[in-house]
Amino acid sequence: MNHIAIVGAGLIGRVMAWQLLQAGQRVTLFDRDRIDGDEAAAYTAGGMISPLSEIEVLEPALLQLARQSLQLWPALVDSLGQEVDYHNHGSLIVSHPQDAAAHQRYLRQLQQHTDPAAAEYSWLNASQLSQQEPELLPGFQQAVFLPGESWVDPARLMPALAERILPLCEHWHSGCEVTAIEPHTVICGLDSHRFDLVIDCRGMGAREDLPGLRGVRGEVARFHAPDVRLTHLIRLMHPRYCLYIVPRANQRYLIGATQIESEDRGPVTVRSALELLSAVYSLHKGFAEARIEAFKTNLRPAMPDNQPLLSLQSGLMRINGLFRHGFMLAPAITTQALQQLQQQGYL
Ligand SMILES: Cc1cc2nc3c(=O)[nH]c(=O)nc-3n(C[C@H](O)[C@H](O)[C@H](O)COP(=O)(O)OP(=O)(O)OC[C@H]3O[C@@H](n4cnc5c(N)ncnc54)[C@H](O)[C@@H]3O)c2cc1C
């Protein structure tokens with residue numbers, strides 16, 4: 001049996017490790033963060049698995065992969081055997097009258113990329129919208145409903161994956177900065193570790209080896225809102241960003257996210273905070289009394305074409321560039337990776 005190293009135990013590294021372990025492989029992980037650390041982009045994410053909501057920012061070539069991934073998520077969640085706050089109640093796309101142009105632009109994209117016979121979306125008038133989500137402020141004349149779109153809480157998923165991986169993996173080198181990766185070899189300072197295969201899942205940490213890789217800044221806010229009960233992913237059309245509210249357990253909500261071409265990981269700016277906060281308040285007045293629990297910033301690892309990178313040369317696989325779609329694509333891209341490894345005789 002081959003011994004496989006996974007470098008970077010963020011989202012893709014953990015999902016890949018779990019898939020390999022389920023397939024009976026020997027796996028060793030390396031990450032510079034603690035196992036319960038929260039530096040990975042994964043921890044800042046909304047955890048949305050929402051291909052059609054993302055249609056304006058999803059490369060058309062990825063839509064099929066994203067649909068496939070949406071179907072694979074329930075099995076991944078089941079395999080973990082614990083609550084990860086996964087829901088598939090669907091998304092609602094709403095817009096204020098002043099953002100009607102953004103809404104129309106979104107609708108054109110949706111119509112272009114969906115088959116009406118597949119019933120992947122439906123229109124809701126104001127009264128149908130208030131049946132689906134009774135607490136949304138009145139004033140939204142129409143909405144688009146995307147049934148089946150789903151989301152997961154990264155703060156629950158990541159520890160759940162670790163809990164499954166730890167008893168089965170050979171070793172998890174946490175707090176271990178990998179200084180170089182070569183085919184078959186992981187180097188941490190003066191230590192060199194040899195494997196049958198190395199899988200590089202370092203996200204932004206792989207920048208030196210992937211010259212085109214860039215970080216795209218995203219900012220989110222987390223709330224505790226005891227007066228708010230929303231049960232869908234809510235997308236609010238906005239001229240600059242795709243703003244969304246993701247419900248979490250215990251009346252927690254995440255609102256995100258800005259998308260800024262910058263690698264600045266510094267704190268959230270006043271402008272971004274104002275935009276995020278005014279967006280939630282415009283959807284539900286109950287957010288006025290909500291407690292802001294955190295503002296978070298992180299970088300989405302992206303290649304120049306914003307498409308994922310999956311490459312395999314002798315002894316070294318790289319999976320990167322998941323951009324704003326890591327959760328949306330994780331089970332599908334790791335399944336593709338496993339297929340490549342099978343074809344090349346590693347599994
Ligand atoms: C604000 C924001 C919101 C997002 N929302 C969503 C969403 O709703 N849906 C969605 O699908 N995607 C979303 N994303 C994108 C998603 O988070 C990323 O696509 C995903 O996390 C990328 O996974 P990854 O494993 O490649 O990188 P990461 O999750 O960043 O993991 C990389 C890991 O590599 C480790 N590492 C790096 N360098 C080294 C080194 N030298 N040595 C050892 N370890 C190293 C890091 O510590 C980290 O654990 C969002 C991202 C952001 C920033």
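Order of appearance sets the numbers: ligands from 1, and atoms from 1 within every ligand.
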Between the main-chain N or O of Ile187 and the side-chain N or O of Ser192, is there a donor-acceptor pair closer than 3.5 Å?
no
CD1 (Ile319) and OG1 (Thr334) are apart, to the nearest 0.5 Å, by 7.0 Å
Are any of the N/O atoms in Phe327 less than 3.5 Å from those in ligand 1?
yes
Against ligand 1, does Asn320 come closer than 4.0 Å with any heavy atom?
no
Please say yes or no: joined through hydrophobic side-chain contacts below 4.5 Å, possibly via intermediate residues, are Ile35 and Leu29 part of one cluster?
yes
For Gly218, the ligand 1 atoms with a heavy-atom partner under 4.0 Å come out as 1 (C)
Pull out every atom of ligand 1 sitting under 4.0 Å from any heavy atom of Gly10, numbered as shown with elements.
25 (O), 29 (O), 31 (O), 33 (C), 49 (O)
Examine His171 together with Phe30 and report whether their ring centres are nearer than 6.0 Å.
no
Answer yes or no: does an N/O atom from Phe30 fall short of 3.5 Å to an N/O atom of ligand 1?
no
From atom 44 (N) of ligand 1, work out which of His173, Arg32, His325, Arg14 has a heavy atom at the shortest distance.
Arg32
Can you confirm whether or not the ring centre of His232 sits under 6.0 Å from the ring centre of Phe145?
yes
Near Tyr244, which atoms of ligand 1 are under 4.0 Å from a heavy atom of that residue?
3 (C), 5 (N)
Indicate if Leu72 and Trp18 have the same hydrophobic cluster label, given that clusters are the connected sets of ILVMFWY residues with side-chain heavy-atom separations under 4.5 angstrom.
no
Taking a cutoff of less than 4.0 Å between a non-hydrogen atom of the residue and any ligand atom, is Tyr43 in contact with ligand 1?
no
Yes or no: does Gly47 have any heavy atom under 4.0 Å from an atom of ligand 1?
yes
Find all atoms of ligand 1 within a distance of less than 4.0 Å from any non-hydrogen atom belonging to Ile12, and give their numbers and elements.
23 (O), 24 (P), 25 (O), 26 (O)
Ligand 1 N/O within reach of Ala41 N/O, cut-off under 3.5 Å
yes
Less than 4.0 Å is my threshold; does some heavy atom of Cys176 fall inside it relative to ligand 1?
yes
Quick check: does Glu177 get an N/O under 3.5 Å from an N/O on ligand 1?
yes
Ile319, any N or O under 3.5 Å of ligand 1 N or O
no
Ignoring hydrogens and geometry, is there a side-chain-to-backbone donor-acceptor pair from Ser272 to Thr269 under 3.5 Å?
no
Side chain, backbone, both or neither: which part of Ser50 has a heavy atom under 4.0 Å from ligand 1?
neither
Sort out for me which residue in Tyr244, Phe287, Trp151 forms a ring pair (Phe, Tyr, Trp, His ring centres under 6.0 Å) with Tyr253.
Phe287
Short version for Arg324: what comes under 4.0 Å of ligand 1, heavy atoms counted, is backbone
Please examine the side chains of Ile165 and Trp172, heavy atoms only from C-beta on, and report whether any two atoms are closer than 4.5 Å.
yes
Main chain of Asp196, side chain of His184: is a donor-acceptor contact present, judged purely on distance under 3.5 Å?
yes
Those atoms of ligand 1 less than 4.0 Å from some heavy atom in Cys201
32 (C), 33 (C), 34 (O)
Contacting atoms of ligand 1, where contact means under 4.0 angstrom from a heavy atom of Ala45:
3 (C), 4 (C), 5 (N), 6 (C), 13 (C), 14 (N), 17 (O), 50 (C)
So if I count the atoms of ligand 1 from 1 in the order they appear, which ones are less than 4.0 Å from some heavy atom of Ala40?
28 (P), 29 (O), 30 (O), 31 (O), 48 (C), 49 (O)
Is it the case that the side chains of Thr44 and Asn298 hold a donor-acceptor pair, with the cut-off being a distance below 3.5 Å and no angle test?
yes
Write out the residue and atom name of the closest protein heavy atom to atom 27 (O) of ligand 1, then the distance separating them to 0.1 Å.
Gly203 CA, 3.9 Å
Is any N or O atom of Ala42, backbone or side chain, closer than 3.5 Å to an N or O atom of ligand 1?
yes
Does a side chain donor of either Ser53 or Ser91 reach within less than 3.5 Å of an acceptor in the other side chain?
yes
Considering distance alone, does some N or O of Met48 sit under 3.5 Å from an N or O of ligand 1?
yes
Of the side chain and backbone of Phe323, name the one, both, or neither that has a heavy atom under 4.0 Å from an atom of ligand 1.
backbone
Looking at Arg229, Lys285, His284, which one forms a side-chain hydrogen bond (donor to acceptor under 3.5 Å, both in side chains) with Glu135?
His284
With Leu230 as reference, evaluate Leu92, Val246, Leu136 under the side-chain contact (heavy atoms from CB on, under 4.5 Å) test and give the passing residue.
Leu136
For ligand 1, the portion of Leu322 having any non-hydrogen atom under 4.0 Å away:
both
Can you find an N/O atom of Asp31 closer than 3.5 Å to an N/O atom of ligand 1?
yes
Which ligand 1 atoms, with their elements, are less than 4.0 angstrom from a heavy-atom of Gly205?
37 (C), 38 (N)
Applying the 4.5 Å side-chain criterion to the ILVMFWY set and letting contacts propagate, would Leu276 and Met48 be lumped into a single cluster?
no
